[in-house]
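Let me begin by presenting the structure, written as structure tokens, before commenting on it.
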Amino acid sequence: MLALIAGVALLPLALANNYHYEIAILVGLNAIVCVGLNLLIGYAGQISLGHAGFFGIGAYGSAILTARYGWPPLAALVAASAAAAALAFAVGRPILRLRGHYLAMATLGLGIIISIVVATEDRYTGGPDGMSVPPLALAGFTLAGERAWYWLVGALLVATVWLSLNLIESPVGRALRALHGSEVAAEVSGIDSARHKLLAFALSAAIAALAGALTAHYAGFITPGKVTFLHSIELVVMVVFGGMASTFGAVVGAAVLTALPQLLTVFKEYEMVVFGSVMMLTMIFMPRGLVPTIAALAARRRKAP
Amino acid sequence: MKLHAWFAAALLAVSAAAQAQAPIRIGAFLSVTGPAAFLGDPEQKTLELYVERLNADGGVLGRKLELVSYDSGGDAEKARTFAKRLIEQDRVDLIVGGSTTGETMAVVPLVEAAGLPFISLAGAVVIVEPVKKWVFKTPHTDRMACDKIFVDMKARGVSKAALISGSGGFDKSMRAQCQGVAKNHGIDVVADETYGASDTDMTTQLTKIRNTPGVQAVLNAGFGQGPAIVTKNYRQLGITVPLYQSHGVASKQYINLAGDAAEGVRLPAAALLVAESLPDSDPQKKVVVSYKQAYETHFKQDVSTFGGHAYDGLMLAVAAMKKAGSTDKAKVRDALEQIRGYMGTAGVVNMSAQDHMGLDLTAFRMLEVRKGDWVLAR
């Protein structure tokens, strides 16, 4: 935790220009989504292939409320996140009774429905070409510039990680981990599995929506590209790559997968080949993800004399 | 002391020379891969080819050109990040790029804030309307396509037309523009049908249009395989009124897909598509034939109008820099705005403070499919 705070505080020393800040902000926003998603995938052991949908509800919800209805951005942001949580709660009740492939299919379907609505309701969303989003403002003060955004996103990331770590160490967190181990065993020991799964689902949806709304206000423009199935997959890959059931793994996964394509542009047309190879080699040699594997290695080192 | 002075003078001379020889950096972000690759790929190839050619001819203002390009994969957020990279890190002098409207619009706030000339290669009207200080574009707009089609319809005595369009960004934008301008041409849109992006049969929509009384012509706004299917279904249903397609299917691909059904279909397109069959008196012939031959001999691929947009973008940028006599961003922008009578692959460009595209309806040619090829409609 301290390492993360120090990292966020000291990183600007290494950031030379606004483009570097931009990458850091995008890493932060993705990391926030992944920390939330990790609660669901890594701890509660439920898969979601529709998280881009919640991200989209946050982004478009906040964008539409501010741009079309003149809401103050902060209120729109909160309302959009609450709406995503409410939707997750409502649909989570029936679909979280499904398991494995069936749950994956149901969340996938939900994500695709949201994506289609965003692309077709062009009166509100601007359709496939996207829409402009007003900047984030509070009481006449407009949040502008990469540096200001960096500190906001950095602070929110620290807060999300703190929340996640605390939740995992609480009775709810222990119940979630028990669910991941064996749902039957957890129920036998008196854990209300439906309630806990639903909680993790709604919480991760709200966090994704919050990050979505922030992304929209930061970028000033949003297209349905961020709501597609592919983006859902991207988010899951970040969590798995960094290491499931590791909050810092989610942060590292988001950081690597957001920054890597920017570094790989030097390979020109071979960019995707190199990117794919990095992913494959990591998953072959570190099947548990980056952070857990490295942590295990470090622990073994320490034990050996 | 004397030695120091000499040294300083030498250093100054060296740095002045370096200044003169530093390349002019042209930034680009294009959808080279992904769903819009059919736009970005020829654009990227065209930019590479012509930057190389310009350099072989001695560059611009005595300096070499350097192309810094990134693949945005059709993703607006990636496009924005790459644009920031071009502005902040690569410190380019000008940007030519943005294959799709979404990517372009996501970048507009950045170039406006940074004060950097940006020539977009995307279609929609919203890019230049309202006029944005630093943003220009080279392709025709969908509204111009609608105008061109309605003018042609009117000439054939049509006053009631039906509209059928897909659900992609291009389709929707064109549908809205056509509905908007139809009245100006005295044309009533009496039917308005849409189909999904991956539909494989449009007979339902076309049957509705056939059963709508008074339809004298049908306009299909769309690109990709949708319009080819519409064309086939159109003939299968035996509809005999004229069918118009949009500039979105202005490629050989469309004729190959639709086959015999495409016979007699009309569409507005850039002169590039019929380069060789233009009359020698046509002032545009030299430009389009030379671009077509250069592209086709170099890449062994059919030329497309999209690559032509990139050619126009680069040539406008070069013309503006020569006119401004420097790469100073504000001067280049002013020079761009003052370009008149530039003959490009898209048509004659007459920029002004109110018009950052500069094309008029003469830029579009009305083409007709005859014996499996495009010919100029008479």
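Note that these values count all heavy atoms, side chains included, but never hydrogens, waters or copies made by symmetry. Chain A is the first sequence line, chain B the second, and so forth, proteins listed ahead of strands; every chain is numbered from 1. Everything numeric here is computed off the predicted structure, so don't read it as measured data.
- Of the listed residues E271(A), Q262(A), M131(A), M272(A), the one with more heavy-atom pairs under 4.5 angstrom with chain B than any other is Q262(A).
- Heavy atoms only, all atoms of each residue included: S167(B) and P128(A) are closest at O-CG, 4.0 Å.
- A16(A) does not touch chain B: none of its heavy atoms, backbone or side chain, sits under 4.5 Å away.
- Contacts of residues 93-118 of chain B with chain A at a heavy-atom distance below 4.5 Å involve T101(B), G102(B), M105(B), A106(B), listed in sequence order.
- Chain B forms the most heavy-atom pairs under 4.5 Å with one residue out of P261(A), G225(A), A219(A), and that residue is A219(A).
- Using a cutoff of 4.0 Å between basic side-chain nitrogens and carboxylate oxygens, E22(A) and R85(B) are not scored as salt-bridged.
- The side-chain heavy atoms of T265(A) and F82(B), taken from C-beta on, include a pair separated by under 4.5 Å.
- Once rounded to the nearest 0.5 Å, the distance linking CZ of R175(B) with CG of D122(A) reads 7.5 Å.
- Both the backbone and the side chain of T81(B) come within contact range of chain A, with heavy atoms under 4.5 Å apart.
- More than 12 heavy atoms of other shown residues, nucleotides or ligands fall within 6.0 angstrom of atom CZ in R68(A).
- Looking only at side-chain heavy atoms (C-beta outward), E77(B) and T223(A) stay at 4.5 Å or farther from each other.
- Summarising the local packing, CE of M279(A) is surrounded by more than 12 heavy atoms from other residues, nucleotides or ligands at distances under 6.0 Å.
- Taken from CG in N17(A) to CD1 in I87(B), the straight-line distance is 11.5 Å, to the nearest 0.5 Å.
- With K172(B) contributing its side chain and T120(A) its backbone, the two residues share a donor-acceptor pair below 3.5 Å.
- For F221(A), the part sitting under 4.5 Å from any heavy atom of chain B is the side chain, from C-beta outward, and nothing else.
- Using a 3.5 Å distance cut-off with no hydrogens or angles, the side chains of H20(A) and Q89(B) do pair a donor with an acceptor.
- When all heavy atoms of R80(B) and Y218(A) are compared, the closest pair comes out as NH2-CE2, 3.2 Å.
- Residue contact with chain B, scored on non-hydrogen atoms closer than 4.5 Å, involves the side chain of L26(A) exclusively.
- Heavy atoms of other residues, nucleotides or ligands lying less than 6.0 angstrom from OH of Y124(A) number 12 at most.
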